[in-house]
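The next block holds one structure in the form of structure tokens; read it before the comments.
Letters go in sequence order (proteins before strands), and every chain restarts at 1.
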There are 2 protein chains.
Amino acid sequence: MAIEQTEEIFRHFEKYIKLSPILKNELATRMVFKSFKKGKLIHSADTICTKSYFIQKGLLRIYFIKDGKEITEYFSAENEWVNSPRSLMQQKLDIYYIDSLEPTDCFCLNVRDLVFLFDNFPEMERYARLSMGTAFGHFMERITSMRFTTAKEKYQHFCETYHDIHHRISLGMVSSYLGITQETLSRIRAEK
Amino acid sequence: MAIEQTEEIFRHFEKYIKLSPILKNELATRMVFKSFKKGKLIHSADTICTKSYFIQKGLLRIYFIKDGKEITEYFSAENEWVNSPRSLMQQKLDIYYIDSLEPTDCFCLNVRDLVFLFDNFPEMERYARLSMGTAFGHFMERITSMRFTTAKEKYQHFCETYHDIHHRISLGMVSSYLGITQETLSRIRAEK
DNA sequence: AATAACTTTTGACCTGGATCAAAAAATCAT
DNA sequence: ATGATTTTTTGATCCAGGTCAAAAGTTATT
């Protein structure tokens with residue numbers, strides 16, 4: 001991959017670890033740049049996940065299907081990794097689908113390269129541990145926000161968490177993310 | 001710490017990584033065995049968390065206080081690590097308290113030793129990454145179980161998740177964990 | 001054992017948000 | 001552009017679970 005495109009993702013890594021020139025080179029060699037147009041299915045639940053995507057620009061949705069309806073698990077935007085976590089790490093099937101809500105540019109690493117990097121660069125293990133810690137904190141906040149809060153408070157929390165992208169996402173996707181109905185969310189939005 | 005007591009925790013590590021004799025020795029040297037009687041406050045929100053506890057036997061609760069009431073974030077029992085995650089990792093204050101719901105025996109590692117182990121044993125980084133992955137999966141399941149489920153289904157999911165300990169925990173603590181009222185939980189339990 | 005201090009259960013009532021239905025608005029395809 | 005499809009809004013009704021209150025049961029203290 002052209003080394004000039006890697007600045008952003010390297011900056012992301014360097015929030016957590018120092019990148020040696022050797023590791024930078026290994027990363028740049030292994031990452032593949034990919035563009036998806038809006039509405040593309042990037043990963044399906046009936047395949048094992050073999051790739052992890054780092055979003056440079058765009059917006060993806062991770063969802064599963066319950067009673068025939070798509071339920072949003074979460075959204076991912078710029079500077080975040082996206083994959084089907086259990087499927088990727090344990091190389092088995094899981095319930096999640098991933099699609100693009102906007103035209104999206106990604107860096108893509110396949111599972112063999114990930115394993116290589118973890119096996120040969122301890123700092124990659126550290127990066128993964130620390131960045132997962134950050135994600136963990138967000139999950140705990142989300143769990144807190146889902147108990148003991150009204151639908152309106154849930155929506156407000158959502159707008160804070162996804163402040164710069166909440167207006168790019170359709171009503172139905174947001175409502176299933178929050179665990180409320182479309183109708184209720186529509187009324188909440190109307191009332192101010 | 002006496003090396004004979006470490007069998008269980010070593011077995012836990014070895015679910016994820018291979019332990020070299022050197023690492024075993026470092027762990028055994030640094031871990032301190034601690035016993036808490038029931039009802040002891042193990043960590044308070046007004047201190048920075050400096051220790052991580054691995055439960056050998058017993059039951060701990062992680063909670064925070066909202067509107068003067070204790071809200072259970074989660075429970076931890078045998079073979080699990082307990083700490084105030086963000087407080088421990090970032091050495092800053094966070095909202096969580098930890099107390100013992102039963103007499104509890106733990107292995108205790110302080111933050112300096114943790115840092116030493118992470119700095120000197122890449123396999124510890126890997127262990128942390130992989131075991132966090134497991135915890136992550138549980139959180140995702142919990143989030144799913146909290147949306148689109150009735151109070152009864154939430155309680156059933158709780159009983160499955162904490163199958164061998166759900167009867168050891170008081171009503172109020174369970175209901176705040178689930179985000180329902182005590183009264184509702186009492187009625188659910190009564191009805192069969 | 002008696003008293004005090006929690007914890008759980010039971011009852012009566014009320015409300016936030018679900019459900020069902022259909023109109024209005026926005027987006028897409030030819 | 002024009003009709004077709006999808007998304008959002010609005011309305012009417014209903015019920016799961018919240019709130020408040022008080023009784024019953026448990027556990028701890030002297």
Side-chain angles (χ1 to χ4, degrees), chain A residues 36-41 59 61 63 65-72 75 97 99-103 143-159 162 165-192, chain B residues 36-41 59 61 63 65-72 75 97 99-103 143-159 162 165-192:
Chain A
F36 300 105
K37 55 179 95 163
K38 179 174 174 171
K40 173 98 169 66
L41 187 67
L59 184 56
R61 169 179 68 139
Y63 66 97
I65 294 178
K66 191 190 176 185
D67 307 327
K69 283 170 37 178
E70 298 176 356
I71 309 290
T72 302
F75 305 99
Y97 298 78
D99 69 358
S100 51
L101 303 184
E102 296 181 356
I143 288 173
T144 299
S145 135
M146 296 214 311
R147 293 177 294 176
F148 312 107
T149 56
T150 62
K152 186 176 181 176
E153 288 166 335
K154 288 186 182 78
Y155 179 62
Q156 284 167 341
H157 180 262
F158 165 78
C159 290
Y162 288 101
I165 54 175
H166 75 266
H167 55 278
R168 307 193 225 158
I169 303 173
S170 81
L171 191 82
M173 290 174 186
V174 175
S175 66
S176 75
Y177 172 84
L178 295 175
I180 62 179
T181 59
Q182 296 196 15
E183 294 92 329
T184 297
L185 183 53
S186 173
R187 283 182 248 262
I188 288 166
R189 278 186 172 169
E191 78 182 41
K192 60 169 252 176
Chain B
F36 300 105
K37 54 178 96 163
K38 179 176 173 169
K40 172 97 169 67
L41 187 68
L59 184 58
R61 169 180 65 139
Y63 67 96
I65 294 179
K66 190 190 175 183
D67 306 328
K69 283 172 35 178
E70 297 176 356
I71 309 290
T72 301
F75 305 100
Y97 299 78
D99 69 358
S100 50
L101 303 183
E102 297 181 357
I143 287 173
T144 299
S145 138
M146 297 213 311
R147 292 176 296 177
F148 312 106
T149 57
T150 63
K152 186 175 180 177
E153 289 167 333
K154 287 186 182 77
Y155 179 63
Q156 286 168 341
H157 180 262
F158 164 77
C159 290
Y162 288 100
I165 54 174
H166 75 267
H167 54 280
R168 308 192 224 158
I169 303 172
S170 80
L171 191 83
M173 290 173 185
V174 175
S175 66
S176 74
Y177 171 82
L178 294 175
I180 61 179
T181 60
Q182 294 196 16
E183 293 92 329
T184 297
L185 182 53
S186 174
R187 282 182 246 262
I188 287 166
R189 277 186 172 169
E191 78 183 44
K192 59 168 253 175

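Of the possible donor and acceptor atoms, none in the side chain of B:S100 sits under 3.5 Å from a partner among the backbone N and O of B:P103.
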Could you write out each protein N or O paired with an N or O of nucleotides 6-8 of chain C at a distance under 3.5 Å?
from  : atom 1 : to     : atom 2 : distance (Å)
C:dT8 : OP1    : B:L171 : N      : 3.0
C:dT8 : OP2    : B:L171 : N      : 3.3
C:dT8 : OP2    : B:G172 : N      : 3.4

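Residues meeting the side chain to side chain contact (heavy atoms under 4.5 Å, CB included) test with A:T72, sequence neighbours left out: A:R61, A:F75, A:M173, A:S176, A:Y177.
When all heavy atoms of B:K152 and B:E191 are compared, the pair lying nearest together is NZ-OE2, 3.2 Å. Closest heavy-atom contact between A:K154 and A:I180: CD-CG2, 4.4 Å. Between A:G172 and A:S175, the shortest heavy-atom distance links the atoms O-OG, 3.0 Å.
The footprint of chain A on DNA chain D, defined by a heavy-atom cutoff below 4.0 Å, extends from D:dT8 to D:dA12.
Note that the two end axes of the helix from C:dA1-D:dT30 to C:dT30-D:dA1 enclose an angle of 60°, each drawn from 5 base pairs, rounded to 10 degrees.
Here the straight-line distance linking atom CZ of B:F36 with atom CG of B:L59 works out to 13.5 Å at 0.5 Å rounding. The distance from atom CG of B:D99 to atom NZ of B:K40, rounded to the nearest 0.5 Å, is 10.5 Å. To the nearest 0.5 Å, the span separating CG on A:L178 from OG on A:S145 amounts to 7.5 Å. Rounded to the nearest 0.5 Å, atoms CZ (A:F158) and CD1 (A:I169) are 4.0 Å apart.
Within a 6.0 Å radius of NZ in A:K66, more than 12 heavy atoms belonging to other residues, nucleotides or ligands are found.
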Original post:
Once each nucleotide of nucleotides 15-21 of chain C is scored for protein heavy atoms under 4.0 Å, what B/S/- sequence comes out, 5' to 3'?
Top reply: --SSBBB
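Pairs engaging residues 168-178 of chain B under the salt bridge (charged side-chain N to carboxylate O under 4.0 Å, His left out) rule: B:E78-B:R168, B:E102-B:R168 [sequence neighbours left out].
Counting only heavy atoms from C-beta outward, the side chains of B:T144 and A:I71 never approach each other to under 4.5 Å.
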